2 protein chains.
Amino acid sequence: MISLTEENYLKALIYLSSLAPGIEEKKDVGTSELASYLKLKSSTVNEMLKRLKEKNLINHEKYKKITLTHSGERNGLKIIRKHRLWETFLFTKLDFDWIEIHEVAEQLEHIKSEKLVEKIDRLLGYPNFDPHGDPIPDKHGKIPQRITKSLSAVNKGEKCIVLAVSDTSKDFLNYLEDLDISIKTEIFVIDKIAFDQSIKIKIRQEQFSLSRKVADNLLVGDKFN
Amino acid sequence: MISLTEENYLKALIYLSSLAPGIEEKKDVGTSELASYLKLKSSTVNEMLKRLKEKNLINHEKYKKITLTHSGERNGLKIIRKHRLWETFLFTKLDFDWIEIHEVAEQLEHIKSEKLVEKIDRLLGYPNFDPHGDPIPDKHGKIPQRITKSLSAVNKGEKCIVLAVSDTSKDFLNYLEDLDISIKTEIFVIDKIAFDQSIKIKIRQEQFSLSRKVADNLLVGDKFN
DNA sequence: TATAATAGTTAGTATTGCCTAACAAAGTAA
DNA sequence: TTACTTTGTTAGGCAATACTAACTATTATA
């Protein structure tokens with residue numbers, strides 16, 4: 001059994017080694033780095049590292065860097081999955097604010113029940129991204145690719161489907177609602193105006209134009225999932 | 001701050017002093033009784049009692065019985081409220097089985113977020129009873145009276161409102177759904193048939209009859225809270 | 001390369017929450 | 001009322017998780 005505290009260490013290790021902003025490929029993590037991220041003393045972390053190694057969740061040799069074992073990675077991703085699913089639940093089902101969801105999800109992520117996670121996942125319609133746009137690992141630990149193609153990058157005469165937004169502000173989301181644009185909406189690009197980089201589109205037989213800023217913040221793909 | 005363990009002690013004290021089956025009025029609780037209920041040793045409980053007294057959650061004099069202070073009672077009821085709301089959520093929103101809900105709610109009840117509790121309460125439509133029929137304390141700690149009057153007890157020519165059911169089987173609930181009877185449904189009793197003790201009723205201008213068994217399991221009142 | 005700065009480790013301490021063993025108080029029954 | 005039983009308390013330990021202080025290894029820099 002992995003304790004709540006241990007779970008947080010694993011989560012932190014995954015974050016620092018591969019999820020933190022600006023990380024391209026996996027990097028090894030040191031004791032102090034982990035300690036400062038968790039706001040703990042190195043000595044405390046050091047002791048925990050022994051326990052995690054004991055449990056086969058990490059690889060660690062004296063004075064060397066820390067890496068996760070396969071089991072450690074799998075278990076850490078489970079917590080991240082739960083965290084992001086709960087955030088999505090709080091945001092979409094309970095109308096929590098964007099800012100409040102993290103703290104509560106931080107608690108909910110430790111609830112132990114496979115069934116609960118799957119039920120929540122289903123209730124939410126198996127989302128690929130949480131309200132922050134972070135990818136939600138599936139039950140096998142597979143992480144969906146972050147969507148990077150924005151509507152601005154779609155060529156004239158092509159169609160695409162809205163997959164996510166990069167701006168999650170209420171203002172933007174409300175504006176999209178007014179336009180009746182949401183996840184899965186199909187957009188056809190009629191024209192791209194060079195002058196102000198605005199874009200002329202067709203949605204469900206209706207035509208209108210979007211500013212460059214709006215187009216930038218709409219993340220799209222060829223098909224849904 | 002009350003720890004998870006302390007919360008469980010408070011919950012146990014409320015249970016043993018007033019909620020356990022067969023308790024008419026509040027009764028004081030002893031160390032061993034509490035220990036055996038929590039499956040702990042008396043010495044362990046004894047130590048915890050000191051901490052709870054320190055925190056002003058219980059009254060306890062050496063070798064005497066334990067009683068909850070106002071604060072202890074309020075805090076304990078909060079946990080019970082959360083537990084029962086989560087059970088209701090799991091059962092009605094996530095389709096968990098009657099048997100599975102307790103264990104998961106046992107974990108969820110310790111999540112600290114006033115807002116979360118209120119949101120869940122609202123999502124559920126402010127229920128008065130959980131799927132087991134146990135009353136859910138409101139946010140001020142007020143416990144709804146268990147409803148004891150069944151439709152069978154309503155006189156000919158009187159009307160009443162459905163407040164709860166005493167049978168929570170899928171079969172029964174599905175049957176009620178077919179009849180379009182649910183919480184808050186107004187029922188007018190047209191006639192009571194002595195022969196088979198069935199009952200003739202009117203709901204929203206429609207007339208039909210219910211068997212004695214069904215009427216027994218419909219708990220009613222004059223008005224909805 | 002010598003030394004200073006940074007990173008990592010060890011030892012000793014505290015708190016929470018649990019245990020066993022030994023003992024003291026209260027309740028019960030001969 | 002004495003003796004037995006049940007109940008409650010104290011003392012001493014242990015594991016998990018955190019701390020400070022002191023020490024050692026590694027890395028970076030003058």
Side-chain angles (χ1 to χ4, degrees), chain A residues 1-13 15-17 20 23 27-68 71-72 75-76 79 106-107 109-112, chain B residues 1-13 15-17 20 27-68 72 75-76 79 106-107 109-112:
Chain A
M1 185 58 68
I2 302 178
S3 76
L4 186 150
T5 316
E6 289 165 347
E7 286 186 344
N8 283 332
Y9 275 81
L10 294 180
K11 206 176 42 142
L13 281 169
Y15 179 78
L16 292 173
S17 68
I23 295 182
K27 93 185 216 310
D28 295 349
V29 178
T31 309
S32 310
E33 188 186 359
L34 184 52
S36 99
Y37 177 72
L38 292 170
K39 297 193 172 64
L40 296 172
K41 301 298 164 184
S42 304
S43 53
T44 304
V45 169
N46 202 258
E47 244 181 312
M48 179 57 96
L49 293 179
K50 278 176 199 157
R51 244 171 292 144
L52 293 174
K53 193 186 169 184
E54 201 67 34
K55 292 191 174 184
N56 229 315
L57 295 164
I58 61 166
N59 305 117
H60 185 229
E61 298 308 321
K62 247 193 191 182
Y63 292 104
K64 296 280 163 59
K65 297 286 183 175
I66 311 152
T67 57
L68 285 157
S71 163
N75 280 286
I79 312 298
E106 204 69 13
Q107 297 180 60
E109 71 190 8
H110 299 291
I111 302 292
K112 283 176 180 22
Chain B
M1 185 58 67
I2 302 178
S3 77
L4 187 149
T5 315
E6 288 165 348
E7 287 186 344
N8 283 333
Y9 276 81
L10 293 180
K11 205 175 44 140
L13 281 169
Y15 180 77
L16 293 174
S17 68
K27 90 184 218 311
D28 294 349
V29 178
T31 309
S32 309
E33 189 185 359
L34 184 52
S36 101
Y37 177 72
L38 291 170
K39 298 195 171 65
L40 297 171
K41 300 297 163 184
S42 303
S43 52
T44 304
V45 168
N46 202 257
E47 246 182 309
M48 178 57 93
L49 293 180
K50 278 176 198 156
R51 244 172 290 147
L52 293 174
K53 194 186 168 184
E54 201 69 34
K55 292 191 176 185
N56 228 316
L57 295 164
I58 60 165
N59 306 116
H60 185 228
E61 298 308 320
K62 248 191 189 182
Y63 292 105
K64 296 279 164 59
K65 296 286 183 175
I66 310 151
T67 57
L68 285 157
N75 280 288
I79 312 300
E106 205 69 15
Q107 298 180 61
E109 70 189 9
H110 299 291
I111 302 292
K112 282 176 184 15

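To find a chain, count down the sequence lines: A is the first, B the second, and so on, and within it residues start at 1. Just so it is clear, the model here is predicted, and its values are computed rather than measured.
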**Student:** Taking the side chain as C-beta and beyond, is there a heavy-atom pair between B:L52 and B:E6 under 4.5 Å?
**Tutor:** yes

**Student:** NZ of A:K65 versus P of C:dT6: gap in Å, rounded?
**Tutor:** 14 Å

**Student:** Tell me the interatomic distance from A:E54, atom CD, to D:dA15, atom P, rounded to whole angstroms.
**Tutor:** 13 Å

**Student:** For the pair made of NE2 in B:H60 and P in D:dG8, what is the distance, rounded to whole Å?
**Tutor:** 7 Å

**Student:** Does A:E33 reach the side chain of A:I66, with side-chain heavy atoms less than 4.5 Å apart?
**Tutor:** no

**Student:** Figure out the NZ/P separation between B:K50 and C:dG17, and round it to whole Å.
**Tutor:** 15 Å

**Student:** Should the pair A:E106-B:K112 be classified as a salt bridge under the 4.0 Å nitrogen-to-oxygen rule?
**Tutor:** no

**Student:** Do the side chains of A:E47 and A:K41 get close enough for a salt bridge, i.e. N-O under 4.0 angstrom?
**Tutor:** no

**Student:** For the pair made of CD in A:E6 and P in D:dA18, what is the distance, rounded to whole Å?
**Tutor:** 10 Å

**Student:** Grab the CG-P distance between B:L34 and D:dT6 for me, whole Å please.
**Tutor:** 20 Å

**Student:** For A:L40 and A:Y9, work out which heavy atoms get closest and say how close.
**Tutor:** CD1-OH, 3.1 Å

**Student:** Once you round it to whole Å, what is the distance between C1' of C:dT16 and CE of B:M1?
**Tutor:** 16 Å

**Student:** Roughly, in whole Å, what's the span from CD in A:E61 to C1' in C:dA7?
**Tutor:** 17 Å

**Student:** With the sugar-phosphate defined as primed atoms, P, OP1 and OP2, and the base as all remaining atoms, what B/S/- string results for nucleotides 18-26 of chain C, 5' to 3', for protein heavy atoms under 4.0 Å?
**Tutor:** BBBB---S-

**Student:** Would you say D:dT7 has OP1 or OP2 under 4.0 Å from some side-chain N or O of B:T31?
**Tutor:** no

